[in-house]
Amino acid sequence: MTITSPHLGSPSSAWTDARLLYALEEVVETELNRHLKVTKDWMPHEYVPWSDGRNFPGFFEDGEAWDKEQSKVTEIGRIALVVNLLTEDNLPSYHHEIASLFGRDGAWGTWVHRWTAEEGRHGIVMRDYLLASRAVDPDKLEQFRMAHMSEGFESDNRHSMLHSVAYVSFQELATRVSHRNTGHQSGDPVCDRMLARIATDENLHMVFYRNLLKAAFELAPDLTMMAVRDVIVNFRMPGHGMPGFERAAAQMAIGEIYNMRIHHDDVLQPVLRFLKVMEIDGLGPEGQKAQDELGLYMSGLDAEALKFDEKLAARKARMAARAAGA
């Protein structure tokens with residue numbers, strides 16, 4: 001990709017957020033047009049098993065209280081569905097973050113609003129599915145939503161447009177993977193189909209940001225390398241502040257929905273390989289240092305993931321032995 005900009009070739013110190021936003025505007029427009037051509041509109045209500053729905057207690061005399069036995073999804077499916085939906089629920093905060101960083105004008109603004117509209121479908125269809133199918137406790141779900149949204153969300157990367165682009169390049173893929181694996185582990189084909197549809201959107205969002213990050217590497221390789229290093233080393237999912245997140249994340253790790261191995265193999269490595277981040281040469285001292293540190297971090301993460309793999313395999317073996325002896 002060739003980018004023409006009055007700032008091309010400027011030293012890293014010359015790049016401000018405002019200059020990068022201006023220089024990348026043409027790329028954003030190109031990627032927006034590509035996105036609109038390949039994405040397909042879909043109707044959230046078509047993915048919800050409305051015929052399974054019935055009244056809950058409250059205003060309706062025939063309301064039936066929720067019970068775990070009513071749920072078609074697995075235990076790990078319920079845990080992951082709540083985490084995934086609560087993450088989607090904070091869309092107003094996410095919109096505020098990116099609208100503040102990217103602006104509301106031009107191609108950037110068009111993308112911000114389009115992305116928000118598409119993401120809005122995800123929360124709609126997931127909540128409708130969960131309530132109609134009685135997959136989770138609706139009272140606890142609402143209590144968690146109120147607690148989580150009342151806290152709001154502040155991105156770790158809100159100080160920098162470039163850091164934010166780097167973050168969402170990985171985070172959108174992480175969300176896709178989490179949704180897809182939740183569907184596979186849910187035990188309900190209807191849930192799996194719904195989450196597959198959501199995952200398709202998340203993948204297209206990842207492609208948009210990944211291609212934008214590629215353009216940023218061509219414009220300001222040192223600054224972009226430093227941003228990618230910072231984002232990967234300090235990566236946290238956007239739902240980290242929700243009630244009980246640490247415990248839920250541990251259960252999702254054991255349930256193979258999202259863990260260190262998945263994070264390394266299915267999220268970080270695909271983006272780094274596509275962008276050929278570790279092969280970029282001609283960097284300045286700071287960019288080279290960031291690239292070296294990124295390589296060391298990825299090696300360390302792979303080693304930690306291997307230890308996790310071994311512990312998970314041992315756990316599975318113990319459970320299989322207990323089941324055989326039962």
Side-chain angles (χ1 to χ4, degrees), residues 1 3 17-18 20-48 84-129 149 152-155 157-158 160-180 194-216 219 227 231 237-239 267 271 274-275:
M1 181 185 299
I3 304 171
D17 272 6
L20 280 168
L21 282 166
Y22 173 79
L24 290 170
E25 177 92 22
E26 184 179 338
V27 182
V28 172
E29 184 175 2
T30 299
E31 289 303 312
L32 174 62
N33 290 333
R34 180 198 55 77
H35 177 83
L36 294 175
K37 286 180 181 178
V38 298
T39 192
K40 295 180 180 179
D41 277 338
W42 54 280
M43 303 298 136
H45 56 268
E46 295 180 357
Y47 288 80
V48 179
N84 291 354
L85 176 55
L86 291 180
T87 300
E88 299 286 355
D89 275 336
N90 251 338
L91 181 60
S93 287
Y94 307 148
H95 173 85
H96 173 75
E97 291 273 343
I98 66 170
S100 298
L101 280 165
F102 301 155
R104 294 176 173 83
D105 301 319
W108 280 104
T110 302
W111 167 254
V112 166
H113 294 302
R114 175 71 193 196
W115 175 87
T116 302
E118 291 184 6
E119 287 287 340
R121 287 181 177 140
H122 303 167
I124 290 170
V125 71
M126 288 180 69
R127 175 164 281 99
D128 286 348
Y129 164 80
M149 291 192 70
F153 171 80
E154 286 191 343
S155 170
N157 303 288
R158 61 189 180 279
S160 160
M161 183 277 288
L162 195 53
H163 279 71
S164 295
V165 170
Y167 175 73
V168 290
S169 298
F170 297 102
Q171 180 267 320
E172 292 282 5
L173 183 53
T175 305
R176 173 204 178 275
V177 169
S178 180
H179 281 312
R180 202 67 196 94
M194 171 194 67
L195 291 176
R197 177 57 260 187
I198 292 174
T200 298
D201 280 0
E202 302 290 8
N203 196 64
L204 289 175
H205 296 165
M206 178 276 294
V207 170
F208 177 95
Y209 287 119
R210 183 195 65 188
N211 291 351
L212 197 55
L213 188 61
K214 181 177 185 294
L219 281 172
V231 161
M237 290 294 276
V267 177
V271 176
F274 178 86
L275 298 175

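Judged purely by atom type and a 3.5 angstrom limit, Trp108 uses its side chain to pair as donor or acceptor with the backbone of Leu21. A side-chain donor-acceptor contact under 3.5 Å links Tyr94 to the backbone of Thr87. Of the possible polar contacts, none joining the Asn203 side chain to the Ala199 backbone as a donor-acceptor pair under 3.5 Å is found. In this structure, Asp17 contributes its side chain and Met161 its backbone to a donor-acceptor pair below 3.5 Å.
The closest side-chain heavy-atom distance from Val112 to Arg104 is not below 4.5 Å. At a threshold of 4.5 Å between non-hydrogen side-chain atoms, the residues His179 and Glu88 count as touching. Here the side chains of Val48 and His45 are not in contact, with every heavy-atom distance at 4.5 Å or above. Between Asn211 and Val27 there is no side-chain heavy-atom pair separated by less than 4.5 Å.
Counting all heavy atoms, side chain and backbone alike, Pro238 lies closest to Tyr167 at CD-OH, 3.3 Å. Across all non-hydrogen atoms, the minimal contact from Met149 to Asp89 is CE-O, 3.3 Å. Considering all non-hydrogen atoms of both residues, Leu101 and Arg158 come closest at CD2-O, 3.5 Å. Here the shortest heavy-atom pairing between Ala216 and Leu24 reads N-CD2, 4.1 Å. Contact between Ser178 and Asn84 at its shortest, heavy atoms only, is OG-OD1, 3.2 Å. When every heavy atom of Met126 is checked against every heavy atom of Leu85, the shortest pair comes out as CE-N, 3.5 Å.
For the atom pair Glu25 CD and Leu32 CG, the distance stands at 10.0 Å (nearest 0.5 Å). Between the NE2 atom of His205 and the OG atom of Ser169 there is a distance of 13.0 Å, given to the nearest 0.5 Å.
With no hydrogens or angles considered, no side-chain donor-acceptor pair links Ser93 and Glu97 at under 3.5 Å. Using modelled atom types, one finds no donor on one side chain facing an acceptor on the other under 3.5 Å when comparing His95 with Glu119. Between the side chains of Thr39 and Asp201, no donor-acceptor pair of N or O atoms lies under 3.5 Å. When only modelled atom types and interatomic distance are considered, Glu118 and His113 share no side-chain donor-acceptor pair under 3.5 Å.
Within the structure, salt bridge (Lys or Arg N to Asp or Glu O under 4.0 Å) contacts touching residues 33-45 (residues at least two apart or in different chains) are Glu31-Arg34, Asp41-Arg114, Asp41-Arg121. For the salt bridge (Lys or Arg N to Asp or Glu O under 4.0 Å) condition, no pair includes a residue of residues 165-177, sequence neighbours left out.
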Determine whether Glu26 and Thr30 satisfy the following criterion, side chain to side chain donor-acceptor pair (under 3.5 Å), listing intermediate values before the conclusion. CA-CA 6 Å; Glu26 184 179 338; Thr30 299; 5.4 Å; no

Apply side-chain contact (heavy atoms from CB on, under 4.5 Å) to residues Trp42 and Val125 and explain how you reach the verdict. CA-CA 11 Å; Trp42 54 280; Val125 71; 3.9 Å; yes

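A cation-pi arrangement, defined by a distance under 6.0 Å to the six-membered ring centre and an angle within 45 degrees of its axis, is present between Arg210 and Phe274.
In this structure, Trp115 has its ring center no closer than 6.0 Å to that of Phe208.
Atom NE2 of His96 has 12 or fewer heavy atoms from other residues, nucleotides or ligands within 6.0 Å.
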